Amino acid sequence: MASEKPLGSCPAYSYHTLLWDTLRLICTTTAVQRKNAGASGPEKYTEAFIKKQIEEFNLGKRHLANMMGEDPETFTQEDIDRAIAYLFPSGLFDKQARPLMKHPTEVFPEQRKIQWGEDGRPFHFLFYTGKQSYYSLMHVSILSVINNASSQSNNICDILNRNLAGSRWLTKIELEEMLVEKMSDDDYSRFIRLLEKLVALPCADLEEKYIQKFSKEVPAQLQKVLIEPLQYDERGVAFSTGEGRRKTASATAVVYDNGTGKITVNGIDILHYFPVLQDREQLLFPFQFLGRIGKHDMVCTVSGGGRSAQAGAIRLASAKALRSFVTEKEVEFMRQAGLLTVDPRVKERKKPGQEGPRRKFTWKKR
Amino acid sequence: MLRSLQGLVCRSLKLDHGCALHTAARGGLSSVSSQDVPAENLRAVFHTSESDPAKHTEQHEGRLYNIPLEEVKAVFPHGLPYRFQQQIQTFNEARVMVRKPALELLAYLKGSNFAHPAVRYVIYGERGTGKTMTLCHVVHYCSRQGWLVLHIPDAHLWVKNCKELLQSSYKKDRLDQPLQASVWLKNFKSSNERFLQEIKTQKKYMWGKQESTEEGRPLGEVVEQGLARVRSASDAVGVVLREIKQQSHRGSFRLLVAVDGVNALWGRTSLRKEDKSPVSPEELTLVHNLRKMVRNDWSGGAIVTTLSQTGSLFKPSSAYTPQELLGKEGFDALDPFVPIPVPNYSPGEFESCYGYYLERKWLQHEKAHTEDGKAELRFLSGSNPRQLDRLAGPL
């Protein structure tokens, strides 16, 4: 590894070396962790190596803070991320493929230290089972089950039940990461069954904390999207607006109540703006799904994209606008039908050495 | 509001898509066996049995009336939109919807004074709203009343896709179109047989060096001459038009000039002369004579015309007003005229058309029978008759 040069030693190159140092800390992807390489095989990274990496990371963090003109003492991980995104802008779609700079413990997978001492005796009493962490975990959990089963108290953990409603157990991979040890599917399912048994029993606070170690909140459901309330225009008619995008087209739609089903796009009737049936069907979909075909009027503006993209954008915008008119259950139905999801498909970039995004040049044998 | 099964259902007049609506009169009693009672009642609502356009009033608006098939062949040898003809074949009956523009026109015609010069009516509207069908409705009325009907099905056919252009023998700088002229003469003959015997020529006409038609011969002979000698067909057409125009104000018959796609007469043509120079409409004999007919310097009849963007040349597809389609020249030539706009289906008319399709089992899809299906059809077609017809086809 190149030695760190003090600031100001080579004025012409100092900026580049700093950047290079910080660059070296940037690893490509943490997806490697997915395979939990740390648990298998002998150690790939020595402790000394990891320590060195941590030192370099801290130093690089201070250099980065200096570069960005911020205070090195109070430079948090979010600041680092923002700085890296600014200095190395990347158009790659996969967030994990972009340059990143994180603490080495997050980057390098956790791996087990040597489990036995100098005399060859293993530290853990369950070492010779082969899966020591797993079995020790099972022992601890079973102990808590037995303790709770014997106690006759009747207070059921309400908090836990509430939590479990919006949470899930750790997946097998996550559990493997936590224990830094491989396990089979059977082992995993046994453990989960044990946990559920524990949850069913009346439990004390300690058990609660223990169980929460193994459960995760499901963030997607708990994140509620705010639905705008209805607005009223000067005639007293209720209306609501929505925006939508598709490929390069963006649209805004204003849906009025008490209408006859008339739809105007950029001031033109839909029959003239969308002569193709397919586009009109796209516009029809949200209304038909809710069964409100002739009940609303709509005025939309759309720009960009082609005819299909504009139709898709208006469809999304009108679905978003219709959320305000409709019960929450129907909003959930709409979401499941895919009416409220932004379509992420965009034109794929052309690669060099190929004729198009996927098409290769004609292969000639000679 | 159930009318008796004798109600007439008028056809919706559409530009290119005939929407043959069922007539209750014929169908109701005979096909009772396959229908339930509610369906029969439904049918009664949409149809009228009044098959004489003269008796159509606002009561019949939105309903479909039947034209007996023999009459269809006699009155409309040409002139019905193609899709409508297909529909007649499929449903084995010809049903036309009575709509407001047609009723308006009929009222004008009934109340017009035939001593005055002929009034010009221009039917205009967006694509597929029923202009040609309105025209056909009026033509049916006039033929029932015993008028002489001069029906040019589509003037655009005369200004484009002509394979043979002959130099006219009558005037050196004009061009003849023998094929189109002969086709039209044939159809004209089949629709107006009796008039051709009654009307006599007032002048002697020379066809080339040897043949001629004497004065006082029935007009039928001129037509025969045109059909026999295809080269002089265009001139025969010109003669026929001239004679009819001159004699119409004498009062022995009423004349209706019905031109579909009248904007073709003043636009551009897609034809070229042998030296590749473009042909302008005045240089075509047929167009020249037709323009003379459409002028209001004669009396004893009416001129009903339709604007059409569909067949027009060099005009944008969003153009539908008289100003845009006729151009300055045409507008001045047709001025003054009575404009008659034809809109899309009103809700009642839409119900009528939908009910007819249902009844004739044209809509086979099970969803099409529901209210939702109807709302969907209404949305997707935008209440445009042509779109509805096209949509209902695959269902």
Side-chain angles (χ1 to χ4, degrees), chain A residues 251 253-300 302 307-308 310-312 314-319 321-322 325-326 330 333-334 337 339, chain B residues 12 14-17 83 124-131 309-310 315-321 324-325 341-351 353-354 363 365-395:
Chain A
V254 183
V255 177
Y256 293 94
D257 210 354
N258 294 345
T260 48
K262 209 161 72 93
I263 300 191
T264 311
V265 181
N266 286 353
I268 305 176
D269 191 41
I270 52 160
L271 209 51
H272 292 126
Y273 197 82
F274 290 125
V276 180
L277 180 68
Q278 177 193 339
D279 302 331
R280 272 176 280 146
E281 278 179 351
Q282 288 286 301
L283 292 205
L284 172 72
F285 183 25
F287 297 100
Q288 189 190 34
F289 187 77
L290 298 170
R292 287 163 176 254
I293 296 185
K295 298 197 188 132
H296 293 286
D297 277 343
M298 187 158 79
V299 176
C300 352
V302 68
R307 77 149 216 248
S308 211
Q310 285 188 342
I314 299 179
R315 177 182 118 176
L316 183 61
S318 57
L322 279 172
F325 288 97
V326 142
E330 293 195 322
F333 285 147
M334 281 218 289
L339 273 170
Chain B
S12 74
K14 285 192 274 186
L15 182 57
D16 278 339
H17 300 263
R83 274 190 85 96
Y124 70 99
E126 301 191 346
R127 276 208 290 188
T129 49
K131 304 184 282 287
Q309 194 281 327
T310 322
K315 284 274 184 284
S317 61
S318 55
Y320 72 96
T321 57
E324 292 163 345
L325 282 177
V342 178
N344 282 330
Y345 277 152
S346 68
E349 288 168 348
F350 179 85
E351 300 273 339
C353 190
Y354 172 78
L363 296 169
H365 199 274
E366 56 279 351
K367 287 262 184 64
H369 297 277
T370 60
E371 275 301 314
D372 288 336
K374 183 153 81 166
E376 195 179 325
L377 278 176
R378 198 201 312 260
F379 184 99
L380 286 177
S381 64
S383 296
N384 184 287
R386 172 193 283 186
Q387 291 295 330
L388 181 60
D389 183 45
R390 286 208 108 106
L391 270 180
L395 285 178

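So you know, we letter chains A, B, ... as the sequences are listed, proteins then strands, and number each from 1. Just the heavy atoms: all of them, side chains too, but no hydrogens, waters or symmetry mates, feed the values below. These numbers were taken from a predicted model, which means no experiment stands behind them.
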Legend entry - chain A contact via B:Ser381 - which portion, at a heavy-atom distance below 4.5 Å: backbone

Legend entry - chain B neighbours within residues 275-288 of chain A, where any heavy atom lies under 4.5 Å away: A:Leu277, A:Arg280, A:Glu281, A:Leu283, A:Leu284, A:Gln288

Legend entry - Per-residue contacts, residues 290-298 of chain A versus chain B, heavy atoms under 4.5 Å: A:Ile293

Legend entry - Over 12 foreign heavy atoms within 6.0 Å of CZ, B:Phe350: yes

